[in-house]
Protein chains: 2
Amino acid sequence: MREVSIIGVGMHKFGKFPQLLIEDLGKVACIKALEDAGISRKQIEAVYCGNFLSEVQPGQRVAYKAGISGVPTFNLRNGCATGSTALWQAWHAISTGTFDIVLAVGVESMTPTIKGVIPLGDTMLLPKLGVSMPSYFALLAMAHMKQYGTTLDHLAMVSVKNHKNGALNPDAQYQKTLSLEEVRDSRVVAHPLTIYDCCPVGDGAAATILCSTETAKKLSDRYIRILSSVFSTTKYYGATANPLLSQNTRVCAQRAYKEARVTPQDVDVFEVHDCFTMTEIMIYDGLGLCEDGQGSRLIEAGETEIGGKFPVNPSGGLLAKGHPLGATGLAQITEIVHQLREEAGPRQVPEAQIGLTHNYGGLAASLMSDAMAGGVDFANCCITILSNQRD
Amino acid sequence: MREVSIIGVGMHKFGKFPQLLIEDLGKVACIKALEDAGISRKQIEAVYCGNFLSEVQPGQRVAYKAGISGVPTFNLRNGCATGSTALWQAWHAISTGTFDIVLAVGVESMTPTIKGVIPLGDTMLLPKLGVSMPSYFALLAMAHMKQYGTTLDHLAMVSVKNHKNGALNPDAQYQKTLSLEEVRDSRVVAHPLTIYDCCPVGDGAAATILCSTETAKKLSDRYIRILSSVFSTTKYYGATANPLLSQNTRVCAQRAYKEARVTPQDVDVFEVHDCFTMTEIMIYDGLGLCEDGQGSRLIEAGETEIGGKFPVNPSGGLLAKGHPLGATGLAQITEIVHQLREEAGPRQVPEAQIGLTHNYGGLAASLMSDAMAGGVDFANCCITILSNQRD
C-alpha cells in the first residue's frame, strides 16, 4: 500500500439548478479540479463517479464533457455515502498501484425530480408505514432527548452554527445566517425537526484529483496527504444495539484514527454528515469528540464552532452548503483541502494541519432489514483523514 | 498483482418473476455460490454488487438476506456491463491484496417496471428522436448488410443457435428451439430485427465467489483460474471510426489475450454479449475470431456451434438465457465455470480448458455524446479469460 495525496479539488456551487444536466454540473467541477491540480486531462488514468439518482452512465458523460474519454470509468452508488465511496475506490486503486492519477467526481441533479423528501422505495416495511428520513430522525431526536437530555435548543444550535459558516461559503446553497428562534419556530417537517433542522434538496458537483504521494511531490508543492481512508458497511447487531449510537461510525472512526496514527484531539477540522441537526450531535460521540450521548454539551459550549476545540462543518455542512447526494462526500474533501491549504478565507480554521471527513448513508437498507427492531444504523460509512504536513 | 481464482458460482434462474424482490433473487444466487464453494458466509470479506435499475442499496440488501453483513459492500452500475464491472472490481480487490475472499453478485428485477424497450433517458438527442436500443441495432444491421453482405438469414442463424443451446439450459429464460423461418417471420421490432433477434426483458441473479489462487488451492480442488480480466471504457474516436467495428471490444480483447498469454485460437468456449443477433456477429470479429466484418461467415459455417471451432454462447446467451441487466456479466462467468468444470451436461463443450466472457454496455452514454456522428461504441467493455488448468 502506497500513500495517496490530493493535488486538485473543484466544485460546482450547490443550489437549485434544474436547467442543468449532470454533465453540465460535473464538467465545471472536473475542469476546476484539473486547473487546481495544474495537470492536463490526458494525465487522468481512471474515473470514479458517484451519482445516486441513477442517471445513465454518469461518469462517462461527465468525463466526456470534461474532455476525458478512453480511460476506465466506474459508477458507484451507496446511498448518501455515494461520493465518499467513489473517493475510497479512487484512493484504493492508487494505493494498490493500479493507477497513478485518478479523478473522483460526485454529481447530482435532484431538483428536477425530487419534490419534498427522498422516496425510500415501497418494498420496505417502514416506508410503507409512512417512515421517511425526516420522520426517522425525528424519532431518534425524541429518544435522544429522553435518554441524554438533548433539547430543542441544542438541535437549533447546530443549524445556527452551520448556517453561520455557510454564509461565508460562496459555494453553499444557503448563505444566510439564522437565529436560534428562526430555526426553532420555522415550519415543522417532522416534530421536533423543523425545516432548518433538515438539509435541503439541491444540485451540484464536486471533484478531486488523487495521485500517489510520490507523484504529488513532482506535480505540486501544495499537495494534501491522505493519512487514512476507511470504508465500512455496518454489521446488523439486532436488538442489543443502541440506535442512538452509530456502531458503524464508531468502528470506522477507530480504524481511521489508528491507520492515520492520530487521535481525535489531533484533528483540527472536521466535515461531517449533518443531514439533520440531530445527526451532527450523534456524530460527535461517534467520532470520539465526547462521551456517549453527550454531543449536546459540545454544541452548547461552542466547541464545534470555527474558533472552538473541534471545528465541525466550516463549509456550512449538509444543512447550509447543501446535500446533492452523490456530490456530498467529495465536497467535504474539497472543503478540508481548502482548509489545509489555508484558502478558506473568512471561514478558515486557524492553523489547521489535520482534517477529517465523515460521510455516511444507506439508512434505507437498514430500515428494511429484519434487524430494524434495535440495530438500525447507516449501512455505509467512510472516514478520511488528511494532512498538510509534507516532508 | 497476484492471481485470482473462482471457487463458487450460483444463479437464480432467469425468467419473469415480478413477485420477487432483488433480495429474493440475489439470495438464491449467493447461497448457491457459497454452497458451490463449500465455504461459510463468514469467510466473505467484501461484497461487490451489480444492479442497474437503481434499487436502494442492492448489495447490502442481498448480502443481508444471504446472511452476510458487516463487510464493505459496493454497488456498481455500468449499463449492460454492470455485472462484469462488479466482477472486475472484485477481481481487482483480490489481485491487489486488499481482500482474500470476495462475493460478486449481480441482480436485476426488470419485469415490474420495464414494459417494452429500456428507456434511454429524454435528455439525449437520439432518444428524443425516437432511437432506442433495438432501432439503433437495426440501423447497424442495415449498414452491416450493405457493407459486408450480411443477410437476414445470418441474423436468424444466431438466434436459432442460441435458442438451441438455451433449450439445454435449465436456468435459461427461454428453453425452446426455433427454426430459421420462425425467427425471420416473427413480429418485427425494428426492421430488420424481429422479436427473436432481440434479447428479452427478465429477472434473475448470478453470484461468483473469488479468492486468491493461493487460497483457492487450500479451499477447493476444482477452482477455475482467472488468466486475465480487463475493463475498458471507450475513447470517442469521432467521425473517423467505423461504427460497425467496436473499437472498445478490440482494444479490450487484445489486452485480455496478451495478459492471459493466449490467442483467440486457444480459447475453447465463449460467452458473449448477444443483446441482438447483429451484435453477436459484430463481436466475432471484435474478438479476433474472423476478419473485420466477416462474422456472418462464421455463423453460416456453424463454427460457433457447440461442436464448432469457436463455440459461442452455449448457455443460450442473452437471446435465450435472458438479460437481467446487472446479472448478465456474472451469469456468463457462471456458465464458463460450469463448462470448464465439465458440468454443463447436454450443452457441454467437449474438453473445454480455456473460456472467455465478453460483456459490454453503456451505448446510451455514447448516443448522447457529440461523437455519435461516426464513433458510437459501447462505453464499457469487460473481457475475462478463465482456465481449468491447475498446477
Side-chain angles (χ1 to χ4, degrees), chain A residues 1 21-23 46-47 51-61 63-65 69-79 82 85 88-89 92-93 95-98 119-121 123-124 230-237 247-248 251 361-371 379-380, chain B residues 1 21-23 46-47 51-61 63-65 69-79 82 85 88-89 92-93 95-98 119-121 123-124 230-237 247-248 251 361-371 379-380:
Chain A
M1 300 286 279
L21 299 177
I22 54 162
E23 47 266 50
V47 176
N51 173 259
F52 183 71
L53 289 176
S54 320
E55 304 271 0
V56 176
Q57 300 283 313
Q60 287 80 355
R61 287 163 60 185
Y64 175 74
K65 285 282 177 176
S69 79
V71 300
T73 301
F74 302 99
N75 296 303
L76 283 305
R77 282 179 89 226
N78 251 342
T82 289
T85 302
W88 189 89
Q89 288 278 353
H92 175 254
S95 74
T96 55
T98 302
L120 292 184
T123 61
M124 295 181 266
V230 175
F231 176 90
S232 66
T233 301
T234 198
K235 189 167 171 58
Y236 293 100
Y237 293 89
Q247 290 302 316
N248 203 1
V251 168
L363 185 72
S366 308
L367 284 181
M368 59 72 60
S369 82
D370 303 337
N380 316 298
Chain B
M1 301 284 280
L21 299 176
I22 54 163
E23 48 266 49
V47 176
N51 172 258
F52 183 71
L53 291 176
S54 318
E55 303 272 0
V56 175
Q57 300 283 312
Q60 286 80 354
R61 287 163 60 186
Y64 176 73
K65 284 283 178 174
S69 79
V71 300
T73 301
F74 303 101
N75 296 303
L76 284 305
R77 281 178 90 224
N78 251 342
T82 289
T85 302
W88 189 89
Q89 288 278 353
H92 174 253
S95 74
T96 55
T98 302
L120 291 185
T123 62
M124 294 181 265
V230 175
F231 176 90
S232 66
T233 301
T234 198
K235 188 167 170 60
Y236 293 101
Y237 293 88
Q247 290 301 316
N248 203 2
V251 168
L363 185 72
S366 308
L367 284 180
M368 58 74 60
S369 82
D370 303 337
N380 316 299

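Residue numbering restarts at 1 for every chain, and letters A, B, ... go by the order of the sequence lines. Both backbone and side-chain heavy atoms feed into the values below; hydrogens, waters and symmetry mates do not.
The structure places OG1 of A/Thr98 at 5.5 Å from CE of B/Met1, a figure rounded to the nearest 0.5 Å.
Annotation: maximal heavy-atom pairing with chain A below 4.5 Å, among B/Asn380, B/Leu53, B/Thr85, B/Thr82, occurs at B/Asn380. Counting heavy-atom pairs closer than 4.5 Å to chain B, the top residue among A/Asn51, A/Thr96, A/Val47, A/Asn78 is A/Asn78.
Side chain of A/Asn75 to backbone of B/Arg77: a donor-acceptor contact under 3.5 angstrom is found. Remark: the backbone N or O of B/Thr73 is paired with a side-chain donor or acceptor of A/Thr233 at under 3.5 angstrom.
In terms of the ring pair (Phe, Tyr, Trp, His ring centres under 6.0 Å) criterion, A/Phe52 has no residue partners (sequence neighbours excluded).
Using cut-offs of 30° and 60° for the angle between ring planes, the B/His92 and A/His92 rings count as perpendicular.
Nearest heavy-atom pair across A/Gln60 and B/Ala379 is CG-CB, 3.9 Å.
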